[in-house]
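Within every chain, numbering begins at 1; the chains are lettered A, B, ... in the order of the sequence lines, protein sequences first and strands thereafter.
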2 protein chains.
Amino acid sequence: MNLKTLAEALGLSQTTVSRALNGYPEVSEATRKRVEEAALRFGYRPNSRAKGLATGRAMLIGQVIPTSTQHEMVNPVFGDFVAGASQNLARHGYDMLLTRVPGDDEGKVYREFRARGAVDGVIIQAPDVKDERIALLNRIGLPFIVHGRSTGVEEPYSWIDVNNTQAFRRATEFLLQLGHRRIALINGLERMDFAFRRRKGYLQALETAGIGPDPQLMCTDEMTEQFGHHKTRYMLSLDDPPTAFLCSSMLSAVGIRRALQEAGLTMGRDVSVIIHDDDLSYLRNGDDIPLFTATRSSVRHAGELLADALMQLINAPDHPPITRLLEAQLVVGSSTGPAPLRAARLPS
Amino acid sequence: MNLKTLAEALGLSQTTVSRALNGYPEVSEATRKRVEEAALRFGYRPNSRAKGLATGRAMLIGQVIPTSTQHEMVNPVFGDFVAGASQNLARHGYDMLLTRVPGDDEGKVYREFRARGAVDGVIIQAPDVKDERIALLNRIGLPFIVHGRSTGVEEPYSWIDVNNTQAFRRATEFLLQLGHRRIALINGLERMDFAFRRRKGYLQALETAGIGPDPQLMCTDEMTEQFGHHKTRYMLSLDDPPTAFLCSSMLSAVGIRRALQEAGLTMGRDVSVIIHDDDLSYLRNGDDIPLFTATRSSVRHAGELLADALMQLINAPDHPPITRLLEAQLVVGSSTGPAPLRAARLPS
DNA sequence: AATCCGTTTCAAAGCGCTTTGAGGCATGCC
DNA sequence: GGCATGCCTCAAAGCGCTTTGAAACGGATT
C-alpha cells in the first residue's frame with residue numbers, strides 16, 4: 001500500500017492525502033479524518049526512503065559503537081546511554097543508526113555518513129583529551145554533539161559532560177577529611193578526556209592538602225573487574241600501601257572488593273573506597289543505602305539530554321553550540337570511613 | 001556531489017557511472033578506473049535513501065532495544081551482542097537501526113518497519129516461552145531471526161540459541177557429583193525462554209538424581225547484583241540451607257559472592273557457585289583461571305552468527321529457516337568444591 | 001558494400017514521497 | 001452580473017539513484 005493506491009482508493013489526489021496525513025492546514029477536517037481513517041485501515045505508512053528522499057532527511061542519528069581501541073571491548077555504559085538517547089530521539093520520530101568501524105578509521109565513517117546523507121546527525125562518545133573527530137565533523141558540517149568534552153580542542157562544539165574534575169576533587173577531599181593520606185587512583189584510560197579530568201581533580205585536592213602525588217598509587221587502564229582486582233592486590237603489597245581507593249568505575253570496584261575480601265580486609269573500616277557511579281540499570285549501587293560511597297551521575301539521563309540537544313541543533317541549523325555541565329552527586333555509602341591508624345598491608 | 005554532477009564532470013551518462021561504480025560488466029576497465037578515481041577525488045558516495053528507493057532495500061537491520069519490561073532495565077548483554085552483530089552486518093554493507101518502544105507494543109514497531117520499509121530484517125532478542133512476535137513477523141513477512149527460541153511456538157522460524165537445558169543439566173550434575181544435594185537456582189525471569197529452559201535442565205538433573213525440587217531454593221527475577229545478594233542471604237537463613245548455587249548471570253553471582261563474604265563464608269569451600277557466563281567484554285570471568293565455574297557461551301559470537309544467518313535469509317527470500325543450537329562449555333573455576341559435611345547457615 | 005555482432009554508452013522510466021504553482025468552487029461584496 | 005476572497009484540491013516537478021531497452025560504434029564476416 002503506497003500513497004498512490006491510497007489516494008486512488010479514496011478518490012483523492014496524492015497531494016491531498018499527503019497533506020492530510022502531515023497535518024497541513026489546507027485540508028478540511030472532514031477530509032483529514034477520512035484520510036487518516038483509511039490510512040489506519042489499510043495500514044498505510046509512508047515509505048521511509050521515499051519520504052527521506054523527498055524531504056532530504058534521514059530521520060536517523062548515527063552512532064559508532066564505542067569499543068575501547070586497545071582491546072575489542074564494548075563500553076559498559078553503552079546500553080544505558082543508548083536507551084536514554086533513543087527514548088528521546090523517538091519522541092521526535094528519530095531512530096538510531098549504529099555502525100561498527102572496521103579498522104580504526106572512525107573519521108571515514110563520518111565522511112561517509114555525510115556524503116551518503118545516511119544520518120542527520122551523530123553523537124560522539126568517549127572523546128579523547130584532544131579528539132580529532134570534532135574538527136572533522138565541524139569541517140564537513142555534520143551536526144553532532146559530544147558526550148563529554150575534549151580539553152585540547154579550541155574550536156566551538158556542542159557537548160554535555162559531567163563535571164569530572166569537580167567530582168573527583170570532592171571525592172578526594174572527602175577522603176582527606178576522613179584522615180586518609182595515601183589515596184590510590186584506579187582510573188580509566190587517561191587518553192580519554194573524562195579520565196584525564198578525574199585525575200586532575202584528584203591531583204588538585206591532593207595539592208591543596210599539601211600532599212605530593214605518588215605515581216605508585218595511580219594507575220590507568222580499561223575499567224574491568226580484573227583491573228581493579230590486580231591493582232588493589234598490588235598496591236596493598238606496597239611498603240606504604242594506600243588506605244583509600246578512588247575508582248572510576250563500579251565494575252573495577254567490584255574487583256577492588258574482591259581483592260579486599262581475599263586479603264581479609266573490611267571495606268569502609270580497613271580500607272575506604274569511593275567510586276564513580278554511572279547508575280547503570282543492571283549495576284545499581286545498592287538500593288536505599290549505597291554500597292559504595294560514590295560520585296553519581298546517570299549516563300542514561302545524559303543520553304536523554306544529548307538526544308534533545310541534538311534535535312535542537314538539527315532543527316535549527318544555525319543554532320549556536322549547546323554546552324551543558326552536569327554536576328555529579330556525592331552520595332555516601334558504607335565503603336568509606338576514617339583512616340585506620342595503621343594501614344593494612346599485604347605481604348608482597 | 002551527486003551522480004548527475006559526477007557524470008557531467010566525467011562527460012559520461014549517469015547510467016555508465018552508476019554501472020562502473022556498482023561493478024557491472026558492461027563497462028570497460030578503462031572507463032571504470034576513470035570513474036572510480038573521480039568518485040574518490042570528489043568524495044562521491046551514492047545517497048543512501050535514493051539508492052534505497054531505487055533498489056527497494058534499506059540496508060538496515062532493525063532491533064528493538066531489549067528492556068526488561070518489569071523495570072526500565074537495559075539488558076546487560078545488549079552491548080556485546082550488538083557489537084558482534086553489527087561487525088558482521090557491516091561486512092555486507094548493512095547497519096543496525098535501533099529503536100525504543102514507547103509503551104509495550106513491540107508488535108507495532110515491526111508492523112511499522114514493514115509498512116515503511118524502514119529495515120530489511122530484524123533480530124529478536126530474549127524471546128518469551130511463547131513469544132507472539134514470531135507469529136507476527138511470519139505473518140507480515142519481515143525477514144527475522146531469533147536470538148534464543150520460543151518453546152511454545154509451533155510454526156517454523158529461524159533461530160540461534162544456546163543449549164540452555166543441557167548447560168544447566170550438566171552444571172547441576174556437576175554439583176551433584178560433588179555431593180551437593182541442596183542446590184539453589186537463582187534464575188532470570190522465567191517467562192523468558194532461556195530461563196525456562198535453564199530451570200528445566202536443573203530440574204531434570206535433580207529428578208534423575210532422585211531429588212525432589214524445593215520451591216524455597218528456586219527464585220526468578222531480573223538478574224541484578226542485588227537480586228543475587230538478597231536471595232543468597234535469604235536462602236542461607238533457611239532451616240535447611242543450600243550448599244550450592246546455580247546462577248543465571250555473572251552479575252547476580254557478584255551479589256552472591258558479596259552475601260557469602262558478609263556471612264564470612266568462602267566460595268568453593270563452604271558454598272559452591274556455578275554461573276552462566278555470557279563472556280561479556282567488561283565482565284570477564286577471570287583471566288586464565290575462571291573465577292566462577294561456569295557454563296560459558298559468548299553472546300558476542302552469537303551476535304556474529306545471527307547477523308550472518310540473517311544476511312542469508314534476506315539475500316535468498318525463499319531460504320528455509322536457519323536454526324542452530326550452540327553448546328555451552330562447562331569451565332571449572334574455583335567457585336565449586338565438594339559439599340561440606342554440614343551446611344553453612346545464617347541466623348534468620 | 002552490406003550485414004552482423006559484441007562492446008560500450010545513453011536517454012528515459014520508475015522507485016514513493018513532498019511541495020510548488022495553479023485551478024475550481026462557493027461565498028460575499030460592490 | 002462581475003469580481004475578489006477563502007477554502008479546498010489537483011497535476012506535475014523534483015529528490016538521487018538503478019535499470020530497461022535502445023542506439024552508436026568499431027571490427028569482423030559475408
I'd like a list of close polar pairs between nucleotides 24-26 of chain D and the protein, N/O only, cut-off under 3.5 Å.
none

Pick out the pairs of N or O atoms, protein on one side and nucleotides 14-17 of chain C on the other, that lie under 3.5 Å.
unit_1 : atom_1 : unit_2  : atom_2 : d
C:dG16 : N2     : A:Ala50 : O      : 3.4
C:dC17 : OP1    : A:Tyr44 : OH     : 2.9
C:dC17 : OP1    : A:Asn47 : N      : 3.0
C:dC17 : OP2    : A:Leu3  : N      : 2.3
C:dC17 : O5'    : A:Tyr44 : OH     : 3.4

For A:Asp193 and A:Ser150, does a side-chain donor sit closer than 3.5 Å to a side-chain acceptor?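 No donor-acceptor contact under 3.5 Å links the two side chains.
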
We want to know whether B:Glu155 and B:Asn138 form a side-chain donor-acceptor pair, criterion being a heavy-atom distance below 3.5 angstrom.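 Judged by distance alone, the side chains do pair up.
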
Nearest 0.5 Å please: distance from the [atom1] atom of [X] over to the [atom2] atom of [Y].
X	Y	atom1	atom2	value
A:Gln14	A:Glu8	CD	CD	8.0 Å
B:Leu136	B:Glu132	CG	CD	9.0 Å
A:Phe81	A:Glu304	CZ	CD	10.5 Å

Figure out the [atom1]/[atom2] separation between [X] and [N], and round it to whole Å.
X	N	atom1	atom2	result
B:Met59	D:dT18	CE	P	12 Å
B:Arg32	C:dT9	CZ	C1'	14 Å
A:Glu8	D:dA11	CD	P	11 Å
A:Tyr24	D:dG6	OH	P	22 Å
A:Glu26	C:dT19	CD	P	11 Å

Output yes when at least one side-chain N/O atom of B:Ser13 is less than 4.0 Å from OP1 or OP2 of C:dC10, else no.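 Yes.
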
Return yes if some donor-acceptor pair links the side-chain N/O of [X] with the main-chain N/O of [Y] below 3.5 Å, else return no.
X	Y	answer
A:Arg114	A:Gly141	yes
B:Arg100	A:Asn88	no
B:Asp278	B:Leu280	no
A:Ser298	A:Asp279	no
B:Asp120	B:Met59	yes
B:Asp128	B:Lys130	no

Would you list the protein and nucleotides 21-23 of chain C atom pairs, both N or O, that sit under 3.5 Å from each other?
none

